[in-house]
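Keep in mind that what you see is a predicted model, and the values were worked out from it rather than measured. All values below come from the heavy atoms of this structure, side chains included, with hydrogens, waters and symmetry mates left out.
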Amino acid sequence: FPVTIMRSYEQLHIEFLEEVLGLDKDWGFAGFSNSNGSDLVNSLFYNQEKLGFLGRTSIVGNVRDIDVYHLYVKSAFSLGDTLDFYCFVAHFKSSQGGSNIQARAESAADIVNWLSIRPQVERYVLSVDLNLYSNAEAAWQILGISFEDPTGLTGNWVGPAGAVYHTQSPSDGINLCAVEGGMDDRF
């Protein structure tokens with residue numbers, strides 16, 4: 001259960017774990033990095049009954065860190081398999097404009113480069129707030145080297161036609177935990 005945008009106060013992550021996911025479940029919190037000093041960070045919460053946590057590393061990005069979580073499927077492990085995978089969790093730079101488009105392309109390249117020097121990594125998932133306006137952006141083209149989009153959605157993603165794919169925060173006001181902004185017609 002990746003969370004790509006959360007305030008950087010660790011106590012809020014613990015409260016999310018306890019009050020939203022609940023103590024009745026065997027949920028784990030895999031931590032976050034914040035080498036850029038951003039007020040927004042990534043997180044990963046996971047069901048410890050199903051998944052094991054092997055570690056976290058970070059890719060120091062141009063805007064925010066990209067967290068790379070290494071997990072394994074416990075049921076496969078109990079059968080003698082080592083079904084492990086990596087989960088990339090990130091929040092790419094938002095807004096239009098050349099410098100923001102370039103920042104997103106750099107973040108995408110950081111992920112692809114990380115994978116390219118680790119050929120032993122065979123299974124991975126991308127859980128990212130991409131903030132892309134269309135598949136014509138360089139970041140989308142770069143990510144296409146290593147990732148496959150399960151939706152197959154192409155074109156311009158701005159507007160109601162792409163609403164079924166929108167993944168923004170429903171929070172419409174400033175609060176200590178969620179990101180403000182609310183659902184709109186982007187991404």
Taking [Y] as the starting point, is it possible to reach [X] by hopping between hydrophobic residues whose side chains are less than 4.5 Å apart?
{"X": "Ile142", "Y": "Val121", "answer": "yes"}
{"X": "Leu44", "Y": "Leu83", "answer": "yes"}
{"X": "Ile66", "Y": "Ile145", "answer": "yes"}
{"X": "Ile59", "Y": "Leu126", "answer": "yes"}

When you look at Tyr69 and Thr57, which way does the side chain to side chain contact (heavy atoms under 4.5 Å, CB included) test go after all the steps?
CA-CA 7 Å; Tyr69 298 94; Thr57 188; over 6 Å; no
Determine, stepwise, if the pair Leu115 / Phe147 fulfils side chain to side chain contact (heavy atoms under 4.5 Å, CB included).
CA-CA 11 Å; Leu115 283 167; Phe147 294 90; 3.9 Å; yes
I'd like to know if the side chain of Asn131 reaches the main chain of Phe92, judged simply by a donor and an acceptor atom lying under 3.5 Å from each other, with no hydrogens or angles considered.
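Between the backbone of Phe92 and the side chain of Asn131 there is a qualifying donor-acceptor contact (under 3.5 Å).
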Okay, side chain of Lys74, backbone of Gln48: is any donor-acceptor separation there less than 3.5 Å?
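Yes, the answer is positive, given that a donor and an acceptor are paired below the 3.5 Å cut-off.
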Could you work out, with side chain to side chain donor-acceptor pair (under 3.5 Å) as the rule, every residue matching [X], not counting sequence neighbours?
{"X": "Ser58", "result": "none"}
{"X": "Gln141", "result": "none"}
{"X": "Ser35", "result": "Asp65"}

Applying side chain to side chain contact (heavy atoms under 4.5 Å, CB included), run through Phe88 and Val125 and close with a yes or a no.
CA-CA 6 Å; Phe88 293 88; Val125 175; over 6 Å; no
Using every non-hydrogen atom in the two residues, find where [X] and [Y] come nearest and quote the distance to one decimal.
{"X": "Leu132", "Y": "Trp140", "value": "CD1-CE3, 3.6 Å"}
{"X": "Ser33", "Y": "Asp67", "value": "OG-OD1, 2.7 Å"}
{"X": "Leu143", "Y": "Ala108", "value": "CG-CB, 3.7 Å"}
{"X": "Ala30", "Y": "Phe53", "value": "CB-CE1, 3.4 Å"}
{"X": "Val89", "Y": "Ser43", "value": "CG1-O, 3.9 Å"}

Salt bridge (charged side-chain N to carboxylate O under 4.0 Å, His left out) partners of Glu106, counting only residues at least two apart:
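Here no residue qualifies.
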Can you name the residues that form a salt bridge (charged side-chain N to carboxylate O under 4.0 Å, His left out) with Arg104, not counting sequence neighbours?
Glu137
Value rounded to 0.5 Å, distance of CG in Leu130 from OG in Ser94
12.5 Å
Side chain proximity check, His91 to Val128, heavy atoms < 4.5 angstrom
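His91 does not reach Val128 side chain to side chain.
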Note, Val73 side chain near Leu51 side chain (heavy atom, < 4.5 Å):
yes
Could you list all the side-chain hydrogen bond (donor to acceptor under 3.5 Å, both in side chains) pairs where at least one residue sits in residues 108-126, not counting sequence neighbours?
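The answer is Asp84-Arg123.
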Give a yes-or-no answer on whether the side chains of Asn62 and Ser107 include a donor-acceptor pair shorter than 3.5 Å.
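A donor-acceptor contact under 3.5 Å links the two side chains.
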